[in-house]
Number of protein chains: 2
Amino acid sequence: MSLFGGIECGGTSFVCAIGSGPTDIVSETRFATTTPTETLATAVDFFRSKGSSHTISAVGIASFGPVDLDRSSATYGYITTTPKPGWDGVDVAGYVSRELALPVGWDTDVNATALAEHRWGHAVGLDTFVYITVGTGIGGGALLEGRPMHGLVHPEMGHMRVPRDPNDGYPGCCPYHGDCLEGLACGPAIRQRWDTLPEELPDDHPAWELEARYLAAGLANIVFTLSPRRIVIGGGVMRRSVLLPLVRQGLLAQLANYVQASALVDDIESYVVQPALGDRAGVLGAIALAERL
Amino acid sequence: MSLFGGIECGGTSFVCAIGSGPTDIVSETRFATTTPTETLATAVDFFRSKGSSHTISAVGIASFGPVDLDRSSATYGYITTTPKPGWDGVDVAGYVSRELALPVGWDTDVNATALAEHRWGHAVGLDTFVYITVGTGIGGGALLEGRPMHGLVHPEMGHMRVPRDPNDGYPGCCPYHGDCLEGLACGPAIRQRWDTLPEELPDDHPAWELEARYLAAGLANIVFTLSPRRIVIGGGVMRRSVLLPLVRQGLLAQLANYVQASALVDDIESYVVQPALGDRAGVLGAIALAERL
């Protein structure tokens with residue numbers, strides 16, 4: 001069986017792994033994201049050091065963004081306008097490909113995670129589906145006819161505009177848009193709005209109903225624009241188990257019976273689901289990118 | 001050259017045409033939409049009566065919706081849950097295909113119009129693009145990698161949720177959602193909010209700035225989810241020429257430099273454009289559906 005390398009580039013840490021799928025990871029490492037030079041060298045060294053025992057045929061990279069996915073662009077493979085200091089304009093895919101002399105697959109972390117869910121998780125066999133993560137930020141990846149969605153750039157679903165709750169005086173925390181979905185509903189927004197760590201808010205705190213209402217509006221907009229066959233929603237904020245049922249009911253309320261698809265209306269528990277792949281989803285997505293080359 | 005039949009099924013009128021493109025329509029007719037039995041028979045009779053002079057190899061149908069586009073469904077080819085009396089559950093594509101003994105292409109009016117713009121209009125060569133119409137309702141069609149977008153159902157972009165203007169007391173007119181985009185910004189919403197026919201509102205009336213703000217929020221959400229390479233925006237409301245520049249500026253304001261694609265940021269006049277094909281866009285889209293079979 002072919003083995004692949006996967007690199008998940010996160011703003012806080014990198015994960016590198018060698019394997020062919022969730023039940024076959026033969027080596028794995030995680031390290032802090034520091035400077036681009038140091039961090040990318042550590043990633044490359046990991047694969048080199050394993051080269052004597054594990055031969056890999058390609059590497060996939062699932063990166064925080066924004067990234068350039070346009071193969072005709074001079075900066076294809078770069079992280080572009082990230083606010084993360086030092087990482088703006090870094091040629092991640094080119095560096096890894098040159099150093100390891102291997103073909104490299106390249107996409108956003110969320111598109112790659114969507115791909116992993118499609119390959120091994122809750123989206124196997126679904127032609128159109130969306131993966132959303134709600135944590136420090138809100139991001140979304142989409143597969144259409146089984147391929148990660150790219151257009152002018154890549155989706156930035158977290159930044160869509162949604163109606164404010166009329167009783168919510170919190171201005172939002174997105175540095176670009178203030179009260180976009182991310183600005184109203186990411187983890188830091190919950191903390192700032194209630195001046196409490198989210199994990200200290202009890203299950204019956206109104207924070208969760210409000211959070212679910214915003215997320216449901218975002219999911220409704222995704223249904224109205226992309227019409228996915230399923231939505232997988234994960235990330236740190238969604239670990240609060242009271243939230244998922246509220247989001248499902250909120251989505252049905254927002255759609256108000258306009259989209260009469262049985263898979264949605266009659267089986268919302270199977271339409272909006274948690275991820276299947278846990279903490280390894282990102283690096284598994286990177287491996288799935290390599291596998292597709 | 002092959003000739004194709006096209007049927008544009010509108011809620012008010014049907015258009016049938018025979019041809020191969022915008023410069024080659026050899027016969028065309030328009031008639032009022034009455035009962036399904038009568039209207040569909042009139043459409044079929046049009047093609048039969050022309051059969052001696054023009055041989056067509058396939059028919060495309062671009063229909064008001066919602067419609068069933070799922071080829072594995074027992075009701076593929078049907079208009080489904082439309083509020084239009086008598087048209088709920090009508091097998092449009094099956095009837096036409098059986099009566100004319102021809103293969104039939106079938107899609108929404110907006111997806112078909114998007115296809116026509118891709119084939120002959122302002123979207124030639126663009127892999128991902130969105131067509132929006134703002135009139136009695138608001139609808140959107142999308143092409144991804146050149147193909148009309150279908151998922152669980154078809155997009156219903158007009159029904160996405162957008163932030164209300166805090167000074168806008170109008171409750172919205174969507175029978176399902178109240179103040180969704182369509183409920184706030186379709187033609188009837190303008191008329192009801194200002195208690196004036198839109199065509200009687202002067203160019204400097206605040207109605208147009210408010211309208212542009214809502215439409216720009218909708219377009220921003222489309223950019224954040226679908227990331228199209230261009231947006232074509234048409235329909236009766238957009239005929240007011242003061243509106244398009246306001247929508248363009250509003251879109252840039254809503255994106256707030258977050259999406260740094262030159263094609264958008266540096267050339268908004270080419271990114272958001274009017275349709276190329278005018279009143280025939282729908283029936284040309286139907287012909288394009290037939291051509292693709």
Side-chain angles (χ1 to χ4, degrees), chain A residues 66 68-70 73 80-81 126-130 140 142 144-145 147 149-164 166 174-182 216-218 220-231 254-264 271, chain B residues 66 68-70 73 80-81 126-130 140 142 144-145 147 149-164 166 174-182 216-218 220-231 254-264 271:
Chain A
D68 189 341
L69 301 176
D70 181 354
S73 160
T80 59
T81 54
L126 300 181
D127 54 359
T128 304
F129 110 99
V130 167
L144 295 161
E145 304 193 18
R147 289 186 296 274
M149 194 173 85
H150 307 158
L152 178 68
V153 290
H154 47 77
E156 289 283 359
M157 298 186 203
H159 293 274
M160 71 170 79
R161 319 305 302 244
V162 293
R164 295 186 64 87
C174 173
Y176 290 90
H177 311 114
D179 61 356
C180 64
L181 178 61
E182 177 171 301
N221 284 356
I222 287 167
V223 170
F224 286 135
T225 48
L226 284 163
S227 201
R229 291 194 183 271
R230 177 169 289 159
I231 296 173
Q254 298 260 358
L255 297 177
N257 279 322
Y258 188 75
V259 176
Q260 300 220 352
S262 172
L264 196 165
Y271 187 76
Chain B
D68 189 340
L69 302 176
D70 180 353
S73 160
T80 59
T81 55
L126 300 180
D127 55 358
T128 304
F129 112 99
V130 167
L144 296 160
E145 304 193 19
R147 288 186 296 275
M149 194 173 85
H150 306 158
L152 179 68
V153 290
H154 47 78
E156 288 284 358
M157 299 186 200
H159 293 275
M160 71 170 78
R161 318 305 300 244
V162 293
R164 295 187 63 90
C174 173
Y176 290 90
H177 311 113
D179 61 356
C180 64
L181 178 61
E182 177 171 300
N221 284 356
I222 287 168
V223 170
F224 285 135
T225 47
L226 284 163
S227 201
R229 292 195 182 271
R230 177 169 288 159
I231 296 172
Q254 299 259 0
L255 296 178
N257 279 322
Y258 188 76
V259 176
Q260 300 220 352
S262 173
L264 195 165
Y271 187 76

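Computed from a predicted model, the values in this text were never measured in an experiment. When reading the values below, keep in mind they use all heavy atoms of this one structure, side chains included, and skip hydrogens, waters and symmetry mates. Letters A, B, ... are given to chains in the order of the sequence lines, protein chains preceding strands, and every chain is numbered from 1.
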Inset, instruction - Could you tell me if the ring centre of His154(A) sits under 6.0 Å from that of Phe224(B)? - result: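 No, the ring centres sit 6.0 Å or more apart.
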Legend entry - Atom group of Thr225(B) that falls short of 4.5 Å from chain A, counting heavy atoms: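 Contact with chain A involves both backbone and side-chain atoms of Thr225(B).
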Inset, instruction - Given side chain to side chain contact (heavy atoms under 4.5 Å, CB included), test Met149(A) with Leu226(B) step by step and report yes or no. - result: CA-CA 8 Å; Met149(A) 194 173 85; Leu226(B) 284 163; 4.3 Å; yes
Inset, instruction - Look at Thr80(B), Leu152(B), Val130(B) and state which one has the largest set of heavy-atom pairs under 4.5 Å with chain A. - result: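 The candidate making the most pairs under 4.5 Å is Leu152(B).
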If I measure from the heavy atoms of chain B, does [X] come under 4.5 Å with its side chain, its backbone, both, or neither?
X: Leu255(A); result: backbone
X: Val153(A); result: both
X: Met157(A); result: both
X: Arg147(A); result: side chain

Legend entry - Side-chain heavy atoms of Glu145(A) within contact of Leu144(B), under 4.5 Å: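 No, every pair of side-chain atoms sits at 4.5 Å or beyond.
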Legend entry - Results of side-chain hydrogen bond (donor to acceptor under 3.5 Å, both in side chains) for Tyr271(B) - residues two or more places apart only: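 In terms of side-chain hydrogen bond (donor to acceptor under 3.5 Å, both in side chains), with neighbours along the sequence ignored, Tyr271(B) is linked to no residue.
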Legend entry - Interatomic spacing from NE2 in His177(B) to CG in Asn257(A) - rounded to 0.5 Å: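 It comes to 8.5 Å.
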Inset, instruction - Carefully, step by step, assess Arg161(B) and Val162(A) under the rule side chain to side chain contact (heavy atoms under 4.5 Å, CB included). - result: CA-CA 6 Å; Arg161(B) 318 305 300 244; Val162(A) 293; 5.6 Å; no
Inset, instruction - Indicate the ring-plane relationship of Tyr258(B) and Tyr176(A), choosing parallel, tilted or perpendicular according to the 30° and 60° boundaries. - result: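 If you compare the ring of Tyr258(B) with that of Tyr176(A), the planes turn out perpendicular.
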Inset, instruction - Mark yes or no for whether Ser227(A), through its side chain, and His150(B), through its backbone, hold a donor-acceptor pair below 3.5 Å. - result: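 No, the answer is negative, given that no donor and acceptor are paired below the 3.5 Å cut-off.
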